[in-house]
Amino acid sequence: MKLLMLLAGVMAVPTFAAGDLDPNDYVGVSFWLVTAALLAATVFFFLERDNVSAKWRTSLTVSGLVTGIALWHYLYMRGVWVDTGTSPTVFRYIDWLLTVPLLIVEFYLILRAVTDVAASLFYKLFLGSLVMLVFGYMGEAGIMAAMPAFIIGCLAWFYMIHTLWAGEGAQAKNASGNAAVQTAYNTMMWIIIVGWAVYPVGYFMGYLAGGVDEGALNLIYNLADFINKILFGIVIWSAAVSDSNK
Ligand SMILES: *C/C=C(C)/C=C/C=C(C)/C=C/C1=C(C)CCCC1(C)C
């Protein structure tokens with residue numbers, strides 16, 4: 001039933017340019033691949049909720065929301081790319097504005113499933129992600145000069161990393177004594193350091209280092225989204241399954 005509702009929702013979505021995908025347009029192909037992978041991941045995370053203990057279900061729901069929201073935007077983004085060959089920047093930022101806070105809040109949720117954790121961790125991560133994105137957007141949209149917007153965005157990103165690496169997040173993780181959560185937490189932390197670095201590097205090359213090939217940039221962003229949304233969710237799912245089975 002849940003699955004049917006999901007599929008019905010996806011099928012009601014307008015599709016673009018289905019006949020126009022040029023087989024040599026590898027960027028367009030990457031948009032289609034990630035769109036399909038996001039659909040599969042969304043179905044997977046929602047169905048897998050039934051296979052984990054109750055305290056893990058919210059984490060899997062949030063993983064499914066992230067890939068579901070991204071799926072919705074990819075349906076449009078790939079249309080913009082296939083039809084116009086330009087970067088779907090506005091759709092990317094709308095997607096980030098919803099999915100990035102949900103992703104970063106997963107750290108709080110996986111800790112909360114196994115230990116006591118202060119609500120302030122939630123607010124710090126949530127606000128940090130909003131500051132990062134709002135300034136990034138202002139820089140890209142020309143509302144603010146690109147360099148100071150970039151610096152503020154990076155500081156907010158470093159703040160989140162610091163909170164997770166050495167601050168409240170790290171303390172709660174160490175105190176939890178739960179091996180499955182600690183492994184997942186550490187892998188997720190590497191994803192938000194290495195996997196997330198792709199976006200500020202892309203911004204830097206595009207706006208501060210004299211321009212970048214839009215095709216290459218979108219290809220890299222699409223690959224990064226695959227890691228940062230789908231793989232990130234799988235890491236959480238894996239911790240949830242191993243903790244539920246013990
Ligand atoms: C699924 C989408 C994800 C995980 C997007 C993440 C985006 C970022 C980590 C963006 C970071 C930026 C900065 C650190 C500096 C300012 C420019 C941004 C917004 C590109």
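Since we're looking at a predicted model, the values are computed, not measured. Start at 1 and go down the list; that is how both ligands and their atoms are numbered. One is the number of the first residue; the rest follow in order along the sequence.
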Problem set entry | Heavy-atom donor-acceptor pair, R78 side chain to F31 backbone, under 3.5 Å | no
Exercise. Crowded around D116 CG? As in, over 12 foreign heavy atoms under 6.0 Å?
Worked result: no
Exercise. Who are the residue neighbours of ligand 1 when the rule is a heavy atom under 4.0 Å from any of its atoms?
Worked result: Y93, W96, T99, V100, L103, M132, G136, F150, G153, C154, W157, W196, Y199, P200, Y203, D225, N228, K229
Exercise. What about Y207 and F150, are their ring centers closer than 6.0 Å?
Worked result: no
For this session: Anything under 30° is parallel, anything over 60° is perpendicular, the rest tilted; go ahead and classify F91 against Y76.
Result: tilted
Exercise. Pairs in or reaching into residues 162-182: which pass ring-ring contact (aromatic ring centres under 6.0 Å, His included), with residues at least two apart or in two chains?
Worked result: W165-W190
For this session: Assign the ring pair F126 / F122 to parallel, tilted or perpendicular, where the plane angle (0 to 90°) is split at 30° and 60°.
Result: parallel
